[in-house]
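Everything on this sheet refers to the single structure shown next.
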Amino acid sequence: MALIVQKFGGTSVGSPERIEAVADKVLRYRAQGHQLVVVVSAMSGETDRLIGLAKAITDRPPPRELDVLLSTGEQVTIALLVMALEKRGCPARSYTGSQVHILTDSAHNKARIQEIDDARVRADLDAGRVVVVAGFQGVDAEGNITTLGRGGSDTTAVALAAALKADECQIFTDVDGVYTTDPRVVPEARRLERITFEEMLEMASLGSKVLQIRSVEFAGKYNVPLRVLSSFEEGEGTLITYEDEQMENALISGIAFNRDEAKITVLGVPDQPGIAHRLLGAVADANIEVDMIIQNIAPDDQTTDFTFTVHRNDYDRALELVRRVAGEMGAREVSGDNRIVKISLVGVGMRSHAGIASTMFEALAREGINIRMISTSEIKISVVVDEKYLELGVRALHDAFHLDQAPQSA
Ligand code: ASP
Ligand code: MG
């Protein structure tokens with residue numbers, strides 16, 4: 001018998017029929033003798049609808065009141081799911097975040113979980129009940145309702161699993177696992193049986209939006225085995241866990257890509273201490289996140305060049321700001337391009353294998369794809385290319401690293 005925390009996202013509870021299907025699924029796990037805590041999101045579209053209501057009243061809803069409003073979405077689904085379970089003869093109870101006592105800080109709309117009091121949940125489990133908890137919400141020390149940021153139900157589930165020392169946290173969603181890359185781009189993309197927390201973080205932050213990033217960080221930190229699986233089909237899904245000897249023996253686990261990139265180049269910046277700070281500090285002060293940064297060596301010892309990438313949504317603002325600061329600094333020229341994308345190879349196997357980068361560059365060269373920027377970290381190599389090459393580049397790399405085939409075991 002295992003203690004399992006299961007999370008069902010908005011699509012999985014998007015209608016009364018789907019909620020009934022979730023109840024059936026939960027009961028199948030229960031019939032295997034498991035103890036179950038179920039975390040649910042709001043019905044699909046509901047959180048957006050509530051935000052729309054708030055916006056119809058005011059452009060700037062007070063964050064505290066927005067949390068009071070948004071938390072109602074999940075309160076609806078917990079009650080409906082328990083009704084469906086009870087109708088099937090399964091004892092169950094629903095709890096809001098504040099009832100379970102998911103204590104958070106007071107950062108409304110993006111609160112962080114600090115502590116979970118598991119006494120109530122344990123008592124119910126011991127009494128043979130299924131416990132259904134509202135995702136995405138908590139309560140601060142003063143008793144104010146808080147929410148955890150969009151997609152926060154994943155984090156609720158992982159945090160509960162950590163607090164309860166659950167055997168596994170299962171995230172049921174509309175995809176049946178984590179893939180080597182987006183199957184819409186590469187039809188041969190393969191579902192991974194396992195992936196490490198580290199790799200998943202890279203895949204998630206690079207745009208494979210399967211899980212909320214924070215939930216993966218949390219799971220890694222507390223070593224909660226996390227499984228992504230389909231609400232609608234049977235299957236093993238993908239297990240996200242620590243690296244171990246049994247792991248698939250792959251060099252590369254997947255290819256992530258991000259279409260929301262833009263780059264800004266500043267040429268001829270007087271090369272003095274403090275220039276990077278002045279330029280990028282101004283960007284950071286404007287709350288614009290910078291991803292890749294490249295500074296050239298100064299060929300003449302006088303001036304240097306910078307190129308960095310930002311989110312496409314921030315491009316216009318960043319460009320205007322950089323033009324101003326660069327002007328003040330006496331830089332020669334500022335240019336930008338918002339039709340670029342980033343493609344990244346991710347894999348813990350890179351640590352122990354040379355030659356991955358050259359295979360990558362070779363594959364791109366064969367397709368005539370010009371690489372505009374390169375950056376590497378321990379388990380990732382990223383390139384920036386023109387957006388028209390995204391699909392071609394991802395397919396070429398998927399092919400070059402044979403990601404359509406399961407790796408041979410050691
Ligand atoms: N209902 C919230 C949202 O739509 C939380 C979640 O779905 O995880 O973002
Ligand atoms: Mg969601």
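Both ligands and their constituent atoms are indexed starting at 1 by order of listing. Just so it is clear, the values below take in all heavy atoms, side chains as well, and ignore hydrogens, waters and symmetry mates.
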(message) Between R339 and D337, does the salt bridge (Lys or Arg N to Asp or Glu O under 4.0 Å) criterion hold? Intermediate values first, please.
(response) CA-CA 6 Å; R339 304 191 57 188; D337 188 347; over 6 Å; no

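- Interface of G151 with ligand 1, defined as ligand atoms under 4.0 Å from a residue heavy atom, comprises 3 (C), 5 (C), 6 (C), 8 (O), 9 (O).
- Contacts between E46 and ligand 1, counted as non-hydrogen atom pairs separated by less than 4.0 Å, are absent for every part of the residue.
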(request) For salt bridge (Lys or Arg N to Asp or Glu O under 4.0 Å), just list the numbers for R49 and E46, CA-CA rounded to whole Å, side-chain angles, deciding distance to a tenth of an Å, and then say yes or no. (result) CA-CA 5 Å; R49 189 185 72 88; E46 178 63 7; 3.0 Å; yes

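- Not a single heavy atom of Q212 sits under 4.0 Å from any atom of ligand 1.
- Evaluated for a side-chain contact (heavy atoms from CB on, under 4.5 Å) with V121, the options V37, V5, D126, I116 yield exactly one hit, V37.
- Listed by number with element, the atoms of ligand 1 under 4.0 Å from a non-hydrogen atom of R150 are 3 (C), 4 (O), 9 (O).
- The pair E333-R323 does not meet the salt-bridge criterion, since no charged nitrogen lies less than 4.0 angstrom from a carboxylate oxygen.
- When each of D154, I195, V158 is checked for a side-chain contact (heavy atoms from CB on, under 4.5 Å) with L226, only V158 meets the rule.
- Using a 4.0 Å cut-off between charged side-chain N and carboxylate O, R190 and D404 make no salt bridge.
- The shortest N/O to N/O separation between K7 and ligand 1 does not fall below 3.5 Å.
- The distance criterion of under 3.5 Å between nitrogen or oxygen atoms is not met by D154 with respect to ligand 1.
- Using a non-hydrogen distance threshold of 4.0 Å, G10 does not register as a contact of ligand 1.
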